[in-house]
Amino acid sequence: MSLITGLTTTQIQGLSTATLAGLNSNDWAAFSTEQIQALTTTQVASLGSKPFADLNTQQFSAITTTDLAVIASTVVSTLSTSLLQSLG
């Protein structure tokens, strides 16, 4: 079972950037779209490329426009075509 399963959106917003950095692939795969949308801009900005690679297209497309704007260009260059196409 993932550390993320069962967390409320408020609890997701309360996760430190260090906690997010320590999540594994199973944890990222367990995020619901609501939990993805609950991530704060600061949390999203702190992420490297690994968490995004663990998301499916439905999860990735749930990232808000404001949050997409803070993803580092070095991270964007590592995203798969399918993730980018999911943005519509």
Side-chain angles (χ1 to χ4, degrees):
M1 178 177 266
S2 167
L3 297 171
I4 298 306
T5 304
L7 291 182
T8 66
T9 54
T10 301
Q11 290 170 314
I12 294 292
Q13 291 173 338
L15 295 175
S16 70
T17 55
T19 298
L20 291 173
L23 296 178
N24 64 35
S25 297
N26 291 332
D27 295 323
W28 285 105
F31 269 80
S32 69
T33 54
E34 291 81 13
Q35 290 171 317
I36 293 287
Q37 291 171 339
L39 291 169
T40 67
T41 302
T42 300
Q43 288 171 318
V44 172
S46 74
L47 300 175
S49 58
K50 178 72 173 98
F52 296 111
D54 294 329
L55 299 179
N56 63 40
T57 55
Q58 184 178 9
Q59 290 168 307
F60 189 76
S61 66
I63 298 172
T64 66
T65 304
T66 302
D67 291 343
L68 286 171
V70 300
I71 298 174
S73 60
T74 54
V75 172
V76 172
S77 68
T78 67
L79 298 175
S80 70
T81 303
S82 62
L83 286 180
L84 293 173
Q85 288 175 335
S86 74
L87 298 174

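- Within the structure, ring pair (Phe, Tyr, Trp, His ring centres under 6.0 Å) pairs that include any residue of residues 64-88 do not occur (at least two apart or interchain).
- Asp67 and Thr41 get closest at one heavy-atom pair: OD1-OG1, 2.7 Å.
- Counting only heavy atoms from C-beta outward, the side chains of Thr42 and Val70 never approach each other to under 4.5 Å.
- Other residues, nucleotides and ligands place more than 12 heavy atoms under 6.0 Å from the CD atom of Gln11.
- Within the structure, salt bridge (charged side-chain N to carboxylate O under 4.0 Å, His left out) pairs that include any residue of residues 39-52 comprise Lys50-Asp54 (at least two apart or interchain).
- Distance check, rounded to the nearest 0.5 Å: CZ of Phe60 to CG of Leu84 gives 6.0 Å.
- With values rounded to the nearest 0.5 angstrom, Ile71 atom CD1 is found 11.0 Å from Ser49 atom OG.
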Begin with the C-alpha distance, continue with both residues' side-chain angles, and end with the deciding distance and a verdict on side chain to side chain contact (heavy atoms under 4.5 Å, CB included) for Trp28 and Asn56. CA-CA 9 Å; Trp28 285 105; Asn56 63 40; over 6 Å; no

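- Between the side chain of Gln13 and the backbone N or O of Thr40, no donor-acceptor pair lies under 3.5 Å.
- Side-chain atoms of Thr64 and Thr66 form no donor-acceptor pair, as typed in the model, at a separation below 3.5 Å.
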Which is it for Phe52 and Thr78 under the side chain to side chain contact (heavy atoms under 4.5 Å, CB included) test, yes or no, and what are the steps along the way? CA-CA 9 Å; Phe52 296 111; Thr78 67; over 6 Å; no

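- Closest approach of Asp27 to Leu3, counting heavy atoms only: OD1-N, 3.1 Å.
- Listed by chain and residue number, Ala62 satisfy the side-chain contact (heavy atoms from CB on, under 4.5 Å) test with Gln37 (two or more places apart in sequence, or in another chain).
- Between the side chain of Gln85 and the main chain of Thr57, no donor-acceptor pair closer than 3.5 Å is present.
- Separation of atoms OG (Ser86) and CG (Leu79) is listed at 9.0 Å; rounding is to 0.5 Å.
- Nearest heavy-atom pair, Gln43 versus Leu47, reported as atom, atom and distance to 0.1 Å: O-CG, 3.4 Å.
- Between atom CG of residue Leu55 and atom CD1 of residue Ile36 there is a gap of 4.5 Å, rounded to the nearest 0.5 Å.
- Across all their heavy atoms, Thr9 and Ala38 have their closest contact at CB-CB, 3.5 Å.
- Here the closest non-hydrogen pair linking Asn24 and Asn26 is OD1-N, 2.9 Å.
- Considering every non-hydrogen atom in both Leu7 and Gln35, the closest pair reads O-NE2, 3.0 Å.
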